[in-house]
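Residue numbering restarts at 1 for every chain, and letters A, B, ... go by the order of the sequence lines. The figures here come from the full heavy-atom set of this structure, side chains too, leaving out hydrogens, waters and symmetry mates.
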Amino acid sequence: DAMVIQNPRYQVTQFGKPVTLSCSQTLNHNVMYWYQQKSSQAPKLLFHYYDKDFNNEADTPDNFQSRRPNTSFCFLDIRSPGLGDAAMYLCATASGRTYEQYFGPGTRLTVT
Amino acid sequence: EDQVTQSPEALRLQEGESSSLNCSYTVSGLRGLFWYRQDPGKGPEFLFTLYSAGEEKEKERLKATLTKKESFLHITAPKPEDSATYLCAVRITGTASKLTFGTGTRLQVTL
């Protein structure tokens, strides 16, 4: 089945220790998104790629970076995680035609 | 300012008790309205896309409708497995690939 895969599902990191979350997709979608979601809140868009074009949200902290080496893979790097970065991180993909976003299962990040 | 508001925040139904969730929007130009279901600890699951007023879509016990100001997600004879948070999102003219999400309605269906 075509899908969006996120690894790891759970990640524990220490305050200030860099962490990388990964997302891969078999849908061959050209748009990929990273969202942060905290408890009982709507998903908050961090950035997205349309093909190789990177689009950063104005309020995304500089602490968050992303890479998309090819169509299938996208990475979220958190350079110096703070306690406030503990959240669920969601990856989504969409075709550039319908923009229906398909989400992965998420990575739950804990910062100690 | 573009806004998406969902109501109620939480809804508790008994099994078989039909109801509707509301998503109202104030946007400069609607390019699509999307409904998602999200189970605790999981990513949102795509349900429907609606593009124009009067459009309706159905899937099992769910039916989504759209007017020029709001969308409804009707749940007919719900079952406990329908318990989840239901999110709506809009794609707005000029925002390219992005969706603006509402904060969701938490639905609990009891026996």
Side-chain angles (χ1 to χ4, degrees), chain A residues 1-7 9-10 21 23 25 27 29-60 68 87-110, chain B residues 1-11 21 23-25 27 29-52 55 57 59 64 66 84-108:
Chain A
D1 286 343
M3 58 178 61
V4 181
I5 300 163
Q6 290 188 244
N7 284 303
R9 294 292 314 280
Y10 302 91
L21 311 182
C23 176
Q25 55 131 341
L27 296 161
H29 283 164
N30 53 339
V31 193
M32 293 188 78
Y33 306 80
W34 279 106
Y35 289 89
Q36 179 192 66
Q37 188 178 30
K38 297 186 176 181
S39 182
S40 300
Q41 295 183 17
K44 177 181 181 296
L45 183 64
L46 297 173
F47 19 62
H48 74 281
Y49 285 88
Y50 193 112
D51 293 323
K52 292 185 178 181
D53 292 336
F54 176 70
N55 299 271
N56 195 32
E57 293 302 294
D59 58 354
T60 298
R68 188 181 186 185
M88 175 75 86
Y89 289 88
L90 296 165
C91 173
T93 74
S95 79
R97 189 174 58 84
T98 67
Y99 295 102
E100 293 170 355
Q101 294 187 18
Y102 293 86
F103 285 81
T107 295
R108 169 73 65 187
L109 178 68
T110 300
Chain B
E1 184 184 343
D2 297 319
Q3 274 195 325
V4 179
T5 305
Q6 291 189 246
S7 61
E9 286 187 14
L11 181 62
L21 313 183
C23 172
S24 63
Y25 59 92
V27 300
L30 184 71
R31 299 294 300 275
L33 186 140
F34 304 80
W35 281 99
Y36 288 86
R37 169 193 170 126
Q38 187 172 25
D39 292 299
K42 297 187 178 180
E45 174 190 351
F46 171 75
L47 294 173
F48 305 110
T49 309
L50 302 166
Y51 289 103
S52 55
E55 190 174 358
K57 291 205 175 157
K59 179 181 178 180
L66 182 65
T85 295
Y86 290 86
L87 297 165
C88 78
V90 297
R91 182 172 169 239
I92 304 165
T93 301
T95 61
S97 315
K98 299 193 298 186
L99 299 184
T100 301
F101 280 85
T103 52
T105 293
R106 291 189 309 279
L107 174 67
Q108 183 179 13

Shortest non-hydrogen contact between [X] and [Y], atoms and distance:
| X | Y | answer |
| --- | --- | --- |
| B/Ser97 | A/Tyr33 | O-OH, 2.6 Å |
| B/Gly102 | A/Ala42 | O-CB, 3.2 Å |
| B/Tyr36 | A/Gln101 | OH-O, 2.9 Å |

Turns out that what part of A/Thr98 lies under 4.5 Å from chain B's heavy atoms comes down to both
Counting only non-hydrogen atoms closer than 4.5 Å, does A/Tyr50 touch chain B with its backbone (N, CA, C, O), its side chain (CB onward), both, or neither?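 Side chain only.
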Identify which part of [X] has an atom lying under 4.5 Å from any heavy atom of chain A, answering side chain, backbone, both or neither.
| X | result |
| --- | --- |
| B/Leu87 | side chain |
| B/Phe101 | both |
| B/Glu9 | neither |

At a heavy-atom distance under 4.5 Å, which candidate from A/Gln37, A/Lys44, A/Gln41, A/Arg108 has the highest pair count against chain B? A/Gln37
What do you reckon, is CZ of B/Arg31 surrounded by more than 12 foreign heavy atoms closer than 6.0 Å?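 Not buried by this count: 12 neighbours or fewer within 6.0 Å.
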Select, from B/Thr85, B/Thr100, B/Thr103, B/Leu99, the one with the greatest count of heavy-atom pairs under 4.5 Å involving chain A. B/Leu99
